[in-house]
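To start, I am sharing the structure in question, which I have written as structure tokens.
Heavy-atom basis, side chains included; hydrogens, waters and symmetry copies ignored. Both counts, for ligands and for their atoms, begin at 1 and track the order of listing.
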Amino acid sequence: MVTTNSATEAGVPAPAEPRPSNFIRDIILDDLKTNKYAGRVQTRFPPEPNGYLHIGHAKAICLDFGLADEFGGHTNLRFDDTNPSKEETEYVDSIMEDVKWLGFHWDGLFYASDYFDQLYAWAVQLIKAGKAYVDDLTADEIRQHRGTLTEPGKDSPYRNRSVEENLGLFERMKAGEFPDGSRVLRAKIDMASPNLNLRDPVMYRILHASHHRTGDKWCIYPMYDYAHGQSDSLEHVTHSMCTLEFQDHRPLYNWFIEQLGIFPSQQIEFDRLNLTYTLLSKRKLLQLVQQGKVSGWDDPRMPTICGIRRRGYTPEAIRNFCASIGVSKTDGSIELAMLEHFVREDLNKRASRVMAVLRPLKVVIDNYPQGQSEEMDALNNPEDPSAGSRKVPFSRELYIEQDDFREVPPPKYFRLSPGKEVRLRYAYFVTCTSVVKNDKGEVIEVHCTYDPATRGGNNPPDGRKVKSTIHWVSANHAVDAEVRIYENLFSKENPNHTEDGQDFTANLNPNSLDVIPHAKVEPSLASATTGSRYQFERLGYFCVDSDSRPGNTVFDRTVALKDTWAKIEKKQPERIK
Ligand code: ATP
Ligand code: MG
């Protein structure tokens, strides 16, 4: 079932401006009124560098940076790099690039690993206060002692070690005397707490692994739950936003802060972004990359920031989308169509219109002189008069879309068919007079005549009208290009819904990529550079892919002009104009 956030009705986006308020913004406004943090707003975005950022992170980024910006505050970028085995510099670099591309600038750049010395000192302080102990139980035994939601946990036999013994053992853990997993440091809180996170959580584990920043300095590493709240506190973060699954961890973060008597950051939880037909989990996206189900983290079908950037999405579209979905305190799911709506809306304003024919069918204008050509004026963007116009060559032989011709037209088909007249955009009215077929009986060439009185595509003096305008390119002037058409990466609305024994990859859409190797595009696109965005008239928005090479420009379809996917899925016949 698809539910939507309070800010919007299903598929009907709220206007992005002015910024709608939300409960987090209200908390900040209240804190400013009561002068809780002396008028300061300090936030942070805390990614773990174990994968590339995705559109869900964009929601968190827009919130962290957006709210601080609005109130003249500051935002830190902090890498939560407490797990050396999964973290890499490649991810750190990509995260910085993506945040910048989204249009945000961090104030401080920090790493949780910057705080390893301080975190260690605080752990010693807690041991001295009798609030932490070294436990020799195995991970399994700790789990067994933990109890359940309905049963209290059991104390570890090592729980009442003396402060001296704990200090000595912790020191030796740090010195590398013990193997991985043989001991941990635990907070001494309450094994009967109704909140499982407070049942003596592990603070440090032994892991003889090199860290991407601290190298081999440490062989004990703090757990995320021990590092996160104190990192916020060290940076004097006032409003620490995170997703709802951390709600039950908040009492633990507060416990550490109270025991240590340090700056009390306030954690506020909001709903994770879930999108239909999309998975937003770094772990699962990594699996797709590792198993070669996609070409990489930046495959244009991926919901990663680098994937959708390559596909042609704009930062503005993503920010408008995030502003529109708002935040709430319950998890739901947003329609992918809504994200696409914001992409279309933004590209409509900024993308130049061009003509491209994906599946070409030759048209010969019999009454147009052999060897002649002329240049037609074509508007670059009807939405933006300042974008000007360009010249598009016209000649006797053209290409149109195969779809724009039917030898036997179905009812209400107003495009080209024998005896029918249509407008060639910016050029002339043409009437189909005959066809040429191959051995298999397929139409391979359409013959037409044109009316010179309709130059520019204007209505002729006799007031004759046509019901359809189609796009075209001049056969001799057109440039070959590769076009990649994408559909949803998953064919199920919730890709996690699988039959027994299957995993989410069973829901991959086998038709998510359609490569058209020999499309024909107008000559102005010969010099199109990677990242340039266009509207191919009547077809959709396209972006020049980084796989382009001289002589072989590759275009990714960013988004179709209309939501063809939903139509196909509902099995409604496509509207024919
Ligand atoms: P993933 O499940 O994709 O691995 P994560 O929560 O482990 O995500 P982090 O790197 O820890 O990823 O996330 C950094 C920040 O982004 C956190 O504050 C987290 O709450 C937020 N975040 C992650 N995924 C989403 C999402 N889908 N929607 C909103 N915020 C998210
Ligand atoms: Mg995480």
Taking Phe246 as the fixed residue, which of Phe270, Tyr253, Tyr224 is the one that meets the ring-ring contact (aromatic ring centres under 6.0 Å, His included) rule?
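Answer to the ring-ring contact (aromatic ring centres under 6.0 Å, His included) test with Phe246 among Phe270, Tyr253, Tyr224: Tyr224.
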
To the nearest 0.5 Å, what is the distance between OG on Ser156 and CG on Asp136?
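Ser156 atom OG to Asp136 atom CG measures 7.5 Å (nearest 0.5 Å).
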
Going by the closest heavy atom to atom 18 (O) of ligand 1, which one wins out of Ser240, Gly56, Pro46, Cys322?
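That would be Pro46.
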
Option of least heavy-atom distance to atom 2 (O) of ligand 1 (set: Arg283, Arg272, Lys282):
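Nearest heavy atom to atom 2 (O) of ligand 1 lies in Arg272.
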
Side chain to side chain contact (heavy atoms under 4.5 Å, CB included) partners of Asp216, counting only residues at least two apart:
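Asp216 satisfies side chain to side chain contact (heavy atoms under 4.5 Å, CB included) with Ser210 only.
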
Looking only at N/O atoms, are Thr243 and ligand 1 under 3.5 Å apart anywhere?
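N/O-N/O distance under 3.5 Å: yes.
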
Does the distance from a Lys or Arg side-chain N to an Asp or Glu carboxylate O, for Arg44 and Glu235, drop under 4.0 Å?
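Answer for the salt bridge query: no.
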
Just by distance, with hydrogens left out, do Ser113 and Asp81 show a side-chain donor and acceptor under 3.5 Å apart?
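Looking only at side-chain atoms, Asp81 and Ser113 do form a donor-acceptor pair, the distance falling under 3.5 Å.
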
With sequence neighbours excluded, what pairs up with Glu258 under the side chain to side chain contact (heavy atoms under 4.5 Å, CB included) test?
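Checked Glu258 against side chain to side chain contact (heavy atoms under 4.5 Å, CB included); matches are Asn254.
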
Find all atoms of ligand 1 within a distance of less than 4.0 Å from any non-hydrogen atom belonging to Phe45, and give their numbers and elements.
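Reading through ligand 1 atom by atom, the close ones are 14 (C), 15 (C), 16 (O).
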
Does Lys284 make a cation-pi contact with Phe504 (under 6.0 Å, within 45 degrees of the axis)?
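Yes, cation above the ring, under 6.0 Å and within 45°.
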
At a 4.0 Å threshold, what atoms of ligand 1 neighbour a non-hydrogen atom of Ala60?
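Under 4.0 Å from Ala60, ligand 1 has these atoms: 16 (O), 21 (C), 30 (N).
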
Element-labelled atoms of ligand 1 that are located less than 4.0 Å from some non-hydrogen atom of Ser281:
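Those of ligand 1 that fall under 4.0 Å from Ser281 are 2 (O), 3 (O).
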
Give the atoms of ligand 1, by number and element, whose distance to some non-hydrogen atom of Phe270 is under 4.0 Å.
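Counting from 1, the qualifying ligand atoms are 29 (C), 30 (N).
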
Flag His57 as yes when one of its N or O atoms lies below 3.5 Å from any N or O atom of ligand 1, and as no otherwise.
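Indeed, backbone or side chain, His57 has an N or O that close.
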
Could you list which atoms of ligand 1 come closer than 4.0 Å to a heavy atom of His54?
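Near His54, meaning under 4.0 Å from one of its heavy atoms, ligand 1 has 3 (O), 24 (N), 27 (N).
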
Sub-3.5 Å N/O-N/O distance, Glu245 and ligand 1
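N/O-N/O distance below 3.5 Å does not exist for this pair.
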
